Amino acid sequence: MKFIGIIPARYASTRFPGKPLAMLGGKTVIQRVYEQVTSVLDEAYVATDDERIFNAVENFGGKAVMTRSDHQSGTDRIEEAAEKIGTDADVIINVQGDEPFIQPSQIETLMHLFDDAETQIGTIGKPFDTMEAVQNPNSPKIVYDVRGYALYFSRSVIPFVRGKEPGDWLKHFPFLKHLGLYAYRREVLAQITKLPQSSLEKAESLEQLRWLQNGYRIKVGLTDVETVGIDTPEDLARAEAFLNKQ
């Protein structure tokens, strides 16, 4: 099978404008993401709507493709980029442009999900370490079936552990944190980007619920590696500290 990585990266961000071009340990955030992805995949592109990001990627020797500025999601941007590239890849891997510490092992886990011919979409999850983290609505939870396919994603704490004190729930159930890393079969990506927003997606503000609600299946791989995503300038400072510890 042939895999290609596409990294959506916008300049405009409510909480952190220009985030992909922020410096982290002497390199831009987007360069660090690109280098992590290309350490595993032979081919990768940054999909952006901003010439500053496009030029920065080309300047460090990467590949970039310009996309429209009106996309509602990174998935839509990836579909446009795939069309423009004209890729013949079987599977497209979506790595967020604000994940400079994405690990090769996590990308490889995603790739192996497609050893199963029934896998349409893949993603990964990591066990939570604390109940405080489980209760954070900004960290979506996954529940999945015995074959590893997602049953649901939620910002709420799922499942409810009956008969136990909430502070002790993690001792009785292995709550799983969703990491925003996806892979799609090429034809499935084309299909899901034509779907209208679903009621569950609107309720939880989680795009993957649109796919589940329309009958697509998402296979979940597991990782024990923590990453440091960057949403705010404060996150960048934490990422710099994380980098210095390595």
Side-chain angles (χ1 to χ4, degrees), residues 5-37 39 44 46-57 59-60 62 64 69 71-75 77-78 94-107 123-142 153-158 166-167 170 175-182 201 204-208 223-246:
I6 300 183
I7 306 162
R10 296 170 59 246
Y11 190 91
S13 169
T14 304
R15 290 185 287 180
F16 194 173
K19 176 172 57 177
L21 300 183
M23 298 303 294
L24 175 59
K27 297 179 181 179
T28 60
V29 169
I30 194 63
Q31 181 174 353
R32 289 195 172 276
V33 178
Y34 188 90
E35 289 176 351
Q36 291 296 92
V37 173
S39 71
V46 173
T48 186
D49 60 357
D50 192 278
E51 287 188 0
R52 287 165 289 190
I53 296 174
F54 182 92
N55 292 335
V57 173
N59 286 340
F60 68 67
S69 60
H71 287 303
Q72 295 298 308
S73 71
T75 310
R77 190 176 306 284
I78 284 172
N94 169 0
V95 178
Q96 299 301 315
D98 57 6
E99 288 281 353
F101 300 108
I102 193 74
Q103 292 300 302
S105 64
Q106 295 172 318
I107 297 172
T123 194
I124 60 175
K126 178 188 178 295
F128 279 100
D129 296 322
T130 67
M131 267 314 296
E132 182 181 12
V134 174
Q135 292 164 344
N136 181 354
N138 293 318
S139 292
K141 274 61 70 175
I142 315 172
F153 298 79
S154 184
R155 296 186 184 279
S156 296
V157 178
I158 53 171
L170 196 57
F175 289 91
L176 193 66
K177 175 183 179 179
H178 180 225
L179 304 183
L181 184 66
Y182 293 105
E201 174 190 11
E204 297 240 27
S205 190
L206 294 174
E207 182 186 20
Q208 62 271 34
T223 180
D224 58 1
V225 181
E226 188 63 84
T227 61
V228 180
I230 298 173
D231 290 320
T232 66
E234 291 75 23
D235 291 338
L236 183 65
R238 281 192 288 273
E240 191 81 45
F242 183 79
L243 184 66
N244 290 335
K245 290 179 183 177
Q246 292 187 321

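Numbering starts at 1 and runs along the sequence shown. Both backbone and side-chain heavy atoms feed into the values below; hydrogens, waters and symmetry mates do not. Nothing here was measured: the structure is a model prediction, and the numbers come from that model.
Taking 4.5 Å as the limit, some side-chain heavy atom of Q36 sits within range of a side-chain heavy atom of P104. Residues T223 and Q103 have side chains not in contact (no heavy-atom distance under 4.5 Å, counting atoms from C-beta outward). Between Q106 and V225, some side-chain heavy-atom pair lies under the 4.5 Å cut-off. Side-chain contact between P20 and D98 is absent, with no heavy-atom pair separated by less than 4.5 Å. Taking the side chain as every heavy atom from C-beta outward, L206 and E201 never approach each other to under 4.5 Å. Proximity of K141 to F128: side-chain heavy atoms (C-beta onward) are separated by under 4.5 Å at one or more points.
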For this session: Please assess T123 against Q208 for the test side chain to side chain donor-acceptor pair (under 3.5 Å), listing each intermediate value before the final yes or no.
Result: CA-CA 10 Å; T123 194; Q208 62 271 34; over 6 Å; no
Exercise. Can you list the steps and then say if L170 with F175 is a side-chain contact (heavy atoms from CB on, under 4.5 Å)?
Worked result: CA-CA 7 Å; L170 196 57; F175 289 91; 3.8 Å; yes
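Atom CZ of R32 is separated from atom CG of L243 by 5.0 Å, given to the nearest 0.5 angstrom. Put simply, CD1 on I102 and CD1 on I124 are 5.5 Å apart, with the number rounded to the nearest 0.5 Å. I53 contributes atom CD1, which lies 11.5 Å from atom CD1 of I7 (distance to the nearest 0.5 angstrom). For the atom pair Y182 OH and I78 CD1, the distance stands at 10.5 Å (nearest 0.5 Å). Atoms NZ and CG, on K19 and D231 in that order, are 5.0 Å from each other to the nearest 0.5 Å. To the nearest 0.5 Å, atoms CZ (R155) and OG (S139) are separated by 9.0 Å.
Looking at T48, its side chain never comes within 3.5 Å of a backbone N or O of F54 through a donor-acceptor pair. No donor-acceptor pair under 3.5 Å is formed between the side chain of R77 and the backbone N or O of R10.
Considering all non-hydrogen atoms of both residues, I230 and A239 come closest at CD1-CB, 3.9 Å. Considering all non-hydrogen atoms of both residues, F101 and L24 come closest at CZ-CD2, 4.1 Å. Residue P8 comes nearest to N94 through the heavy atom pair CD-OD1, 3.5 Å, listed as atom of the first residue, atom of the second, then distance. For L21 against A56, the heavy-atom pair with the smallest separation is CD2-CB, 3.6 Å. Contact detail for V37 and I107: the closest heavy-atom pair is CA-CD1, 3.9 Å. Among all heavy-atom pairs drawn from A22 and F16, the shortest one is CB-CZ, 3.9 Å.
Taking the side-chain hydrogen bond (donor to acceptor under 3.5 Å, both in side chains) definition, one finds that T232 meets it with E234, D235, sequence neighbours left out. Partners of Y34 by side-chain hydrogen bond (donor to acceptor under 3.5 Å, both in side chains), not counting sequence neighbours: none found.
For E240, the CD atom is densely surrounded, since the number of other residues' heavy atoms within 6.0 Å is greater than 12.
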